[in-house]
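Below: one structure, written as structure tokens.
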Number of protein chains: 2
Amino acid sequence: MEKVDGRLVRGDQTRRAVLRRSVDIASVDGLEGLSIGRLATELGISKSGLFAHFGSKEELQLSTIRAARRIYADNVVLPAFEVEPGLGRVWALSTHWLDYSQSRVFPGGCFFQKVSHEYAARTGAVHEALLTVHWEWMGLLEEAVQAAVDNGELEADAKQLAFELNAYYEAANLASILHDDGGAAYELARQAIRSRLESTVTAETTLPR
Amino acid sequence: MEKVDGRLVRGDQTRRAVLRRSVDIASVDGLEGLSIGRLATELGISKSGLFAHFGSKEELQLSTIRAARRIYADNVVLPAFEVEPGLGRVWALSTHWLDYSQSRVFPGGCFFQKVSHEYAARTGAVHEALLTVHWEWMGLLEEAVQAAVDNGELEADAKQLAFELNAYYEAANLASILHDDGGAAYELARQAIRSRLESTVTAETTLPR
DNA sequence: AAAGTAATAGTACGACCGTTCGTATAGTTA
DNA sequence: TAACTATACGAACGGTCGTACTATTACTTT
């Protein structure tokens, strides 16, 4: 069901509205702080009506993760994939990630940073889902680096460099939110990325921008 | 009161037992997941008796942060401060931090990583307390780097290098807990630190170990 | 031993949690 | 029009939350 010749039916509209709000709440207060009662009140609908869409709190949380993953893909991955594989794409992933965090696509900064820490030391379906997303992301970043290496643009261990780049992203995200600073942390991250890439580019290659 | 010729009186013993458990719980489930009822049950004491020690949930959380700060100081800062200021101390801070995380001094990994993310995007006394600890730590790390620069052992911008080192610590901590891996993430961090420091040591200096 | 105080326990509260149930309304299909 | 399904609602459930009070211990001091 769900769709009638392309148009959304009522139920699916509600579902989308719920998830649009859910990801924002969870990015600030976590997937635990995301309560059904609060969500319903903020959206002006009934708790039971909302609940019926998901069947359980956990299913709401998993749906929220899927929704956040789409937003993440739209804001970070897809734009960077318009750039050819290689150093340019590595650079694009970095800038889009920092822009995604800095522009507060989610009000609490990176959704996955927030909830990954929340569920890192627990077990269950939510933990597993977040683990999968993390693998996906790190694998994608590593592949992007590897392509640049294969192009002869970088000389580096892909896994190692991907780890370091991702570390800069995450550190900037946390510092920025915690200190509510205008962008100093992002500038540190950008500088770190720039000099780290510069130190590994091959002789005949120059950095973008 | 609290002490009688050096020995602890009953109440303070309880307080310490509570906080010892509190920091462990909070490192896994956060300062919000740290509930008074659960804490009392696990310790085999009454909820009201426990509550009387702190007077409010927030005061329990703030006390927990102070307790965790002492443990952090004992495990990371103080050992590193036995090394003379300079590159050696920067190296010591790095290794002790990674050991502190890897050895699970707190079962959920670094206490402050966990709860800083939890309260990063909120306001209130808990947020402020965590902000202060973060400033303290980053300032301390930056000063350690600056000392190495002043010694002529490193050529670097202290704030920039401190940011990058801290980024490696945090990234290793999260990856390790999330993936429950044996130590691969810590090895990536150690390698990152090693090569980052190597790239900035002055000609006449060599890295420890 | 008596008095006084610090520490713990017991009980109860209002609020909110996730969840279930029965029901009313709207939209689609026959 | 009639039957059916999707969607949303209100009320209530048992439970847990933080907190407030009042008792009851245990220990110290006199």
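Values in this document were obtained by computation on a predicted structure and should not be read as measured data. Chain letters run A, B, ... following the sequence lines, proteins first, then strands; residues in each count from 1.
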Within-4.5 Å side-chain heavy-atom neighbours: A:Ile65 and A:Leu31: yes
I'd like to check the salt bridge (Lys or Arg N to Asp or Glu O under 4.0 Å) partners of A:Arg122; sequence neighbours left out, ordered by chain and number. A:Glu32, B:Asp29
Whole angstrom value for the distance that separates P of C:dA24 from CD1 of A:Ile45: 21 Å
Donor-acceptor pairs under 3.5 angstrom involving side-chain atoms of residues 70-80 of chain B: please list them, not counting sequence neighbours.
unit_1, atom_1, unit_2, atom_2, d
B:Tyr72, OH, B:Trp97, NE1, 3.0
B:Asn75, ND2, B:Ile71, O, 2.8

Holding to side chain to side chain contact (heavy atoms under 4.5 Å, CB included), I want the full list of residues that pass it with A:Ala167, two or more places apart in sequence or in another chain. B:Ala167, B:Tyr168, B:Ala171
Which part of the nucleic acid does B:Ala52 contact within heavy-atom distance under 4.0 Å: base, sugar-phosphate only, or nothing? base
Using a 4.0 Å cut-off on protein heavy atoms (strictly under), produce a 5'-to-3' string for nucleotides 16-23 of chain D with B for base contact, S for backbone-only sugar-phosphate contact, and - for none. -SBBB---
Could you give the CG-to-P distance, from A:Leu43 to D:dT7, as a whole number of Å? 17 Å
Just the rounded figure in Å: distance from P of C:dT19 to CG of A:Leu50. 12 Å
B:Asp181: what forms a salt bridge (Lys or Arg N to Asp or Glu O under 4.0 Å) with it, not counting sequence neighbours? none
Test of understanding: with salt bridge (Lys or Arg N to Asp or Glu O under 4.0 Å), list the residues that count as partners of B:Arg89, not counting sequence neighbours. none
Value in whole Å for how far the P atom of C:dT19 lies from CG of A:Leu39: 13 Å
Any side-chain N or O of A:His53 less than 4.0 Å from the OP1 or OP2 oxygen of D:dA8? yes
